[in-house]
Amino acid sequence: MRMRSVDTVVVGLGVMGASTLGVLASRGLNPLGLEQYWAGHPFGSSHGESRIIRQAYYEHPDYVPLVQEAWQAWRALERSSGWPLLTETGGLMVGRPDSELIRGALRSAIQHHLPHERLEASALMRRFPAFRVDPDDVGVYEPRAGVLIAERATEALVAEACRQGAAVQLGQRVRQVAPEGGGVVVHTDQGSIRARCAVVAAGPWTRELLPEWNVPLVVERQAVTWLRAQEPRWFHPDRFPVYMREEASGDTFYGFPSLDAATVKLARHHGGATTTPDRVARHVGEDDLAVARRFAARTFPGLLPTVAQSTVCLYTDTPDRHFAVGPLSPDVPQIVVLAGFSGHGFKFGPAIGRIAADLLATPGSGPALFRPDRFIGA
Ligand SMILES: Cc1cc2nc3c(=O)[nH]c(=O)nc-3n(C[C@H](O)[C@H](O)[C@H](O)COP(=O)(O)OP(=O)(O)OC[C@H]3O[C@@H](n4cnc5c(N)ncnc54)[C@H](O)[C@@H]3O)c2cc1C
């Protein structure tokens with residue numbers, strides 16, 4: 001049988017693969033996207049109702065231009081798809097003045113001239129009456145932050161990519177992606193495909209698919225909980241921002257305004273058990289709920305301990321929690337790997353897609369912060 005041939009294969013259609021497919025399609029490359037399940041499935045990292053997008057980026061100032069690029073791209077996708085995807089609610093970081101969250105958010109805001117305000121605890125609680133914080137906490141508030149409607153956004157990315165010439169095959173598991181004579185051969189459950197190049201965006205499955213890749217990824221289980229609000233109007237997106245709170249213990253939590261005028265989604269950032277996508281406990285247990293309830297009781301007197309909904313999602317972490325975006329190895333530039341988004345990648349989807357397409361066109365390009373070879377010999 002003759003092997004099928006395409007220009008570029010994208011493996012995985014979570015937010016990163018879907019974004020890359022769209023950028024490649026917009027450049028006229030007619031890419032083929034392969035996904036083992038279906039767009040929007042709940043087994044990886046991109047499912048669920050919402051994701052935070054924020055600009056005063058505490059993790060590193062180099063992310064700021066990328067989130068601004070992605071913000072524009074999300075707005076453009078809203079216009080082309082006709083679907084609302086991004087609600088601007090403002091964003092609030094809460095912690096001690098010397099916490100990583102506060103110091104980092106201020107550093108990015110100042111370096112990139114982002115509009116922001118620093119609030120003392122009493123001013124913070126007057127402005128956002130749903131919050132109860134400690135007297136020595138402070139807040140950094142920025143107006144240009146909000147909520148991305150996650151599953152709809154991923155669906156819109158795939159639809160837009162197809163409109164621009166991409167092809168998609170769902171229910172197709174890739175077994176191996178191997179370099180061959182300057183090109184790539186992709187072996188799937190249903191046959192093999194020859195391509196000029198490939199992008200692997202396999203999320204928590206990356207290690208399993210590319211064991212030879214030199215990035216020590218760790219998959220982490222994350223439980224997310226929706227609690228009922230006593231006074232839903234306090235949590236309305238018009239008056240309640242997306243937020244993160246770093247507590248004195250070092251634990252960080254985050255959450256959203258109420259999108260259904262009844263319940264509020266919140267979760268701990270990191271601190272989950274190490275796992276794999278095939279072994280992970282998908283059920284949210286009493287221990288998970290207790291963590292969420294204790295945080296809510298400390299921070300939001302207006303939330304009830306009643307759990308309305310819960311879900312499990314996976315983080316794929318690098319050791320320094322910065323992304324790993326680059327070639328499979330320096331001598332295989334035709335295979336680009338996008339992984340290690342460490343629980344904060346969603347908002348950047350379209351910018352990562354652009355970086356992936358650039359890496360295929362111009363090997364060696366891309367932000368230094370994300371270079372996968374930083375772990376070699378580390
Ligand atoms: C609870 C939670 C909250 C988060 N909150 C935020 C937030 O507020 N803001 C933010 O910016 N980010 C957030 N993130 C992080 C963000 O969602 C992830 O960084 C992002 O979704 C990663 O996308 P991905 O495409 O790399 O991975 P995935 O979404 O896991 O996609 C990988 C895809 O590849 C497919 N695949 C894998 N192997 C194969 C194979 N062999 N063959 C075919 N297909 C394959 C999988 O089925 C999957 O669809 C959060 C994540 C979680 C879990």
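The figures here come from the full heavy-atom set of this structure, side chains too, leaving out hydrogens, waters and symmetry mates. Ligands are counted one by one from 1 in listed order, and the atoms in each one are counted from 1 as well. Keep in mind that this is a model prediction, so the values were computed, not measured.
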Please report whether the ring centroid of F131 lies less than 6.0 Å from that of F240. yes

H41 near ligand 1, heavy-atom distance under 4.0 Å? yes

Got the closest protein heavy atom to atom 31 (O) of ligand 1, with its distance? G14 CA, 3.4 Å

Under 4.0 angstrom from ligand 1, any heavy atom of A267? no

Specify the protein heavy atom at minimum distance from atom 35 (C) of ligand 1: its residue, its atom name, and the distance to 0.1 Å. E35 OE1, 3.3 Å

Does R175 reach ligand 1, in the sense of a heavy atom lying below 4.0 Å from it? no

Under 6.0 Å between ring centres: does that hold for Y63 and F370? yes

Among non-hydrogen protein atoms, atom 42 (N) of ligand 1 lies closest to V174 N, 2.9 Å

Test log, rule side chain to side chain contact (heavy atoms under 4.5 Å, CB included), inputs H116 and I110: CA-CA 9 Å; H116 70 283; I110 291 164; 4.2 Å; yes

Going by the side-chain hydrogen bond (donor to acceptor under 3.5 Å, both in side chains) test, name the single residue among H270, H344, H269 that passes it with Y315. H269

Any atom of ligand 1 sitting under 4.0 Å from a heavy atom of F348? no

For ligand 1, which atoms sit closer than 4.0 Å to a heavy atom of F341? 19 (O), 26 (O)

To the nearest 0.1 Å, how far is atom 14 (N) of ligand 1 from its closest protein heavy atom, and which atom is that? G343 O, 3.4 Å

Does C313, backbone or side chain, put an N or O under 3.5 Å from an N or O of ligand 1? no

Should Y254 be counted as touching ligand 1, given the test is an N or O pair under 3.5 Å? no

Looking at the rings of Y243 and Y254, which for Trp means the six-membered one, are their centres under 6.0 Å apart? no

